[in-house]
Amino acid sequence: MTHFEQILENQRIFFKTHKTKDLTFRKSKLQQLKKLLSDNEKQLYEAIHSDFGKSGFDTYTTEIAILYSDIDYYTNNLNRLAKPRSVKTNLVNLPGSSSVYSEPLGCTLVIGAWNYPYQLSLAPMIAAIAAGNTCIIKPSEVAPHTMKLMAELINYHFQPEYLFVAEGGVEEMTEILKLKFDKIFFTGSPKTGRIIYEAAAKHLTPVTLELGGKSPAIVTESADLELAAKRIVWGKFLNAGQTCVAPDYILADEKIQTKLLEYLRHYIQKFEYGPEQPQYTRIINDRHFERLKALIDPQKIYYGGKSDASQRYIEPTLLQDVSWDDAVMQEEIFGPVLPVRSYRYYREALNEVLEQEKPLAAYLFSKNDDEKDLFTRLLSFGGGCINDVVMHLSNPNLPFGGVGNSGTGAYHGTFGFDAFSHKKSVLSKAVWGEPNLKYPPYSDEKMRWIRKVM
Ligand code: NAD
């Protein structure tokens with residue numbers, strides 16, 4: 001038996017004790033986690049800074065605060081979420097009552113991505129705990145300091161038969177994926193998502209796939225251009241563009257493109273994303289640094305383009321007159337490069353988006369109700385905003401997930417609880433008032449009644 005097999009086997013034995021189903025147990029583990037994070041905040045900041053220079057401010061607002069708020073949400077709402085829900089009983093089943101029970105799926109696996117290393121590994125784990133499961137967490141090895149710290153903290157403070165952080169890369173993942181889990185929750189690229197889906201299919205394990213893609217931001221003539229530029233610059237260059245829901249590219253009405261570019265440049269300068277500034281994160285590794293540099297066509301630079309390999313720093317860069325044949329439009333950028341394309345007619349912009357894979361996010365900047373209506377009705381995307389970017393993620397009442405190539409399933413709030421639960425239907429029949437209609441021998445008279453009842 002391999003190490004991971006043994007851990008999973010122990011988790012299965014522990015799950016069968018039914019301890020994880022107890023609501024008091026779940027809440028106490030959530031609170032224990034909150035205390036663990038808060039006692040070690042300084043170390044959490046240091047580890048992420050070592051991985052890619054992310055500031056304490058950004059780490060708190062985009063990772064730690066979200067984990068605290070998830071823990072509070074599930075602690076405060078757990079009784080309601082876990083309570084069996086009564087539903088109506090249809091005529092043929094009367095007298096009787098019907099209920100939906102939320103039961104934990106069992107032994108779960110959470111696989112995280114590196115770009116928000118704490119949030120993407122621990123937020124699904126928090127939902128798994130709330131729903132009453134055990135969990136093995138595999139953070140991304142691409143952010144090695146945060147992976148190591150999560151393993152140290154969780155493996156020391158929680159019993160491994162309940163929660164266990166597995167360290168390692170593709171080799172270890174390949175071992176882990178041979179095992180039979182009751183749920184796999186994956187965050188990462190569509191390419192790896194396929195590998196996960198295939199491995200899960202062998203055991204008929206249900207999956208949530210939180211993937212990526214090219215998320216457009218459409219800016220129309222009617223938009224408040226200055227506000228659009230301010231919000232886009234913030235959402236794009238946060239985490240140096242290494243955000244799954246960052247606007248990947250802009251489609252701007254040709255009438256306002258020049259003005260928009262000026263505002264974008266203005267806000268990039270105003271937000272001070274220089275190499276020495278704490279508010280600007282570094283590129284995660286040399287491979288991504290080189291990949292991103294190759295996406296910057298010097299002929300198309302409107303602003304930026306400078307880089308420093310020794311610091312893995314890439315200046316926020318705006319590209320103009322970009323075509324779909326350019327390298328930058330062939331893949332998810334996942335870095336601080338923002339191409340802008342212009343369109344003549346709004347429908348043309350929508351059609352361009354419709355021709356691509358369904359994105360994880362889409363954004364519209366407009367004051368026109370017809371434009372807003374067409375955007376929400378015609379485009380298919382995981383989630384998005386009108387007149388903002390990224391912020392839809394911060395509302396726990398909205399599901400967060402992709403569609404098609406950008407993912408399957410969703411989480412956050414109730415949706416996170418449901419992602420790790422099975423909805424068990426139970427029909428409870430009375431032992432009196434039994435109609436004999438369904439029982440043989442059949443007759444025309446019974447058939448007439450059945451037609452009426454059904
Ligand atoms: P990735 O797919 O390379 O890695 C994700 C995880 O999969 C890591 O834990 C890694 O160890 C594991 N992995 C990698 N290769 C594997 C293999 N061959 N077999 C088994 N496991 C393997 O993704 P990444 O580079 O960490 O993250 C970037 C991608 O993730 C982007 O596409 C981005 O849009 C997407 N993303 C999506 C979300 C979301 O919430 N939808 C959030 C963040 C990132």
Side-chain angles (χ1 to χ4, degrees), residues 4 51-52 62-63 66 109-125 127 136-144 146-148 150-151 165-179 181 184-200 202 207-215 235-236 238-248 283-285 287-289 291-292 330-335 357-362 381-384 390 392-394 398-412 415-416 419:
F4 296 127
D51 278 335
F52 59 129
T62 66
E63 310 233 23
I66 290 173
L109 171 66
V110 167
I111 306 163
W114 57 263
N115 58 325
Y116 288 84
Y118 299 130
Q119 195 212 127
L120 298 175
S121 292
L122 301 183
M125 180 193 84
I136 292 180
I137 306 98
K138 217 302 285 175
S140 172
E141 74 286 7
V142 176
T146 53
M147 175 176 77
K148 190 164 180 298
M150 280 187 276
V165 175
E167 293 180 75
V170 174
E171 198 184 316
E172 288 77 7
M173 266 312 308
T174 309
E175 275 305 305
I176 293 173
L177 284 175
K178 287 182 190 150
L179 307 177
F181 287 90
I184 299 179
F185 188 106
F186 170 77
T187 302
S189 61
K191 185 169 162 248
T192 315
R194 286 184 175 84
I195 297 171
I196 306 298
Y197 214 171
E198 245 184 88
K202 292 209 173 82
V207 292
T208 298
L209 300 175
E210 293 280 338
L211 311 177
K214 285 183 90 61
S215 301
K236 176 70 184 186
L238 175 75
N239 223 33
Q242 302 165 114
T243 301
C244 55
V245 287
D248 187 276
I283 304 306
I284 186 72
N285 57 26
R287 185 174 67 81
H288 279 287
F289 177 84
R291 179 185 65 81
L292 287 162
Q330 306 285 315
E331 61 181 81
E332 180 184 358
I333 299 169
F334 219 57
E357 294 282 10
K358 294 176 181 179
L360 181 60
F381 50 87
V390 180
H392 58 296
L393 247 81
S394 63
L398 289 173
F400 174 54
V403 54
N405 202 63
S406 57
T408 179
Y411 72 130
H412 287 188
F415 306 95

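Everything numeric here is computed off the predicted structure, so don't read it as measured data. For the numbers below, each heavy atom of this structure counts, side chains included, while hydrogens, waters and symmetry mates do not. Counting starts at 1 for both ligands and their atoms, following the listed order.
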Close-contact set for ligand 1 against Lys138 heavy atoms, below 4.0 Å: 9 (O), 11 (O)

Per atom 35 (C) of ligand 1, closest listed option by heavy atom (Gly169, Gly188, Gly168): Gly188

Ring centers of Tyr197, Phe186 separated by less than 6.0 Å: no

Check: Asn405 side chain, Pro359 main-chain N or O, donor-acceptor pair, under 3.5 Å: no

His288 and Phe334 aromatic ring geometry - parallel, tilted or perpendicular at 30°/60° bounds: tilted

No-hydrogen, no-angle side-chain donor-acceptor test under 3.5 Å, Thr187 and Tyr116: no

Numbered atoms of ligand 1 (with element) below 4.0 Å of Val170, judged on heavy atoms: 15 (N), 16 (C), 17 (C), 18 (N)

N or O pair under 3.5 Å between Thr174 and ligand 1: no

Donor-acceptor contact present, side-chain Ser121 to main-chain Tyr118, <3.5 Å: no

Residue pair Ser215 / Asp248, side-chain donor-acceptor N/O under 3.5 Å: no

Test item: Thr192 side-chain N/O and Gly188 main-chain N/O as donor-acceptor pair under 3.5 Å: no

Interfacing atoms of ligand 1 (cut-off 4.0 Å, heavy-atom, Ile111): 6 (C), 7 (O), 9 (O)

Proximity to ligand 1 by part of Tyr116, non-hydrogen separation under 4.0 Å: neither

Winner among Gly112, Ser406, Pro117, Gly383 once heavy atoms are compared against atom 8 (C) of ligand 1: Gly112

Within-cut-off N or O pair, Leu211 and ligand 1, under 3.5 Å: yes

Check: Thr192 N/O within less than 3.5 Å of ligand 1 N/O: yes

Ligand 1-proximal atoms of Asn115, by part, heavy-atom distance under 4.0 Å: side chain

Contact (N/O only, under 3.5 Å) between Tyr411 and ligand 1: no

Salt-bridge present (Glu331, Arg291; N to O < 4.0 Å): yes

N/O donor-acceptor pair under 3.5 Å between Thr208 side chain and Gly409 backbone: no

Distance-only N or O hit between ligand 1 and Glu332, under 3.5 Å: yes

Polar proximity ligand 1 side, Glu141 side, N/O cut 3.5 Å exclusive: yes

Part of Val142 with heavy atoms under 4.0 Å of ligand 1, whether side chain, backbone, both or neither: neither

Per-atom contacts, ligand 1 versus Thr187 - under 4.0 Å to a heavy atom: 5 (C), 37 (C), 38 (C), 39 (C), 40 (O), 42 (C), 43 (C)

Ligand 1 atoms in contact with Trp114 (distance to a heavy atom under 4.0 Å): 24 (P), 25 (O), 26 (O), 27 (O)

Plane angle bin for Tyr411 and Phe400 - parallel if under 30°, tilted between 30 and 60°, otherwise perpendicular: tilted

Side-chain donor/acceptor of Gln119 to backbone N/O of Thr62, under 3.5 Å: yes

Residue portion contacting ligand 1 (non-hydrogen atoms closer than 4.0 Å) for Glu210: both

Atom indices of ligand 1 within 4.0 angstrom of Ser189 heavy atoms, with elements: 1 (P), 2 (O), 23 (O), 29 (C), 30 (O), 32 (O)

Nearest non-hydrogen protein atom, atom 42 (C) of ligand 1: Cys244 SG, 3.1 Å

